[in-house]
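Computed from a prediction, not measured in an experiment: that's the story for all the values here.
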Amino acid sequence: MPEVTAFCVDLVASRRAGRLFAAARLLTGAALVATIWASVRLPTMPRLLAALAAIGASALAFRPRQAAARTLAVGADGAIRSGPGESAETAAVRYAGRHFICLETAGGLIGVWPDSLSPDHWRRLSVACRWQHRPPADGTQASSGLRTK
């Protein structure tokens, strides 16, 4: 009897992503302070525009983030899905590296870090991303055979 789902796991918040986001906020805040100081010291149009751009970037960087709980499932056929139960969306691999995987769904991008999953699930997700099964565009059944990169 074939497995319906190879594995299904809830993603937890990544400490690595949190540290990277904190460093980006710090850098954005430093740029804001530097551009405002430069435009106050000697106001020119390029400096004022840079200060306005830094204010906009800071507004985006310091806005509250919503923590979306994500569920990832990899089926026995190698298809990756995101979401709970029957409402799961198919996810396409946007980028798959050794230390980060980016999946694309209709709802947006999902970043997956190694510390978001157990090591076994990370390895299995990495394999599923590298050997992703794509159904034919015309909606017919995929031909059976060896899957290659």
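For the salt bridge (Lys or Arg N to Asp or Glu O under 4.0 Å) condition, the pairs that include at least one residue of residues 87-104, sequence neighbours left out, are R94-E104. Residue pairs meeting the side-chain hydrogen bond (donor to acceptor under 3.5 Å, both in side chains) criterion with at least one member in residues 18-32, sequence neighbours excluded, do not occur.
F62 and V33 fall into different hydrophobic clusters, defined by Ile, Leu, Val, Met, Phe, Trp and Tyr side-chain heavy atoms under 4.5 Å apart, directly or through other members.
Rounding to the nearest 0.5 Å gives a distance of 9.0 Å between CD1 of I36 and CG of L52. Interatomic distance, CD1 of I55 versus OG1 of T35, reported as 7.0 Å (0.5 Å rounding). Between L42 atom CG and W37 atom CH2 the span is 10.5 Å, to the nearest 0.5 Å. Rounding to the nearest 0.5 Å places CZ of R124 at 8.5 Å from OG of S118.
A heavy-atom distance below 4.5 Å is found between the side chains of L72 and L103. Counting heavy atoms from C-beta outward, T90 and T105 have side chains that stay 4.5 Å or more apart.
Residues forming a side chain to side chain donor-acceptor pair (under 3.5 Å) with S39 (at least two apart in sequence, or on another chain): none. Under the ring pair (Phe, Tyr, Trp, His ring centres under 6.0 Å) criterion, F100 pairs with W113, sequence neighbours left out.
Applying the side chain to side chain contact (heavy atoms under 4.5 Å, CB included) test between I101 and each of I110, L125, L117 identifies L125 as the sole match.
For the residue pair D115 and R16, the shortest heavy atom distance occurs at OD2-N, 3.2 Å.
Summarising the hydrophobic clusters (Ile, Leu, Val, Met, Phe, Trp, Tyr; side-chain heavy atoms under 4.5 Å, direct or chained), the residues clustered with L109 are none. The hydrophobic cluster around L60 extends to none of the other residues, as no ILVMFWY side-chain heavy atom falls under 4.5 Å of it.
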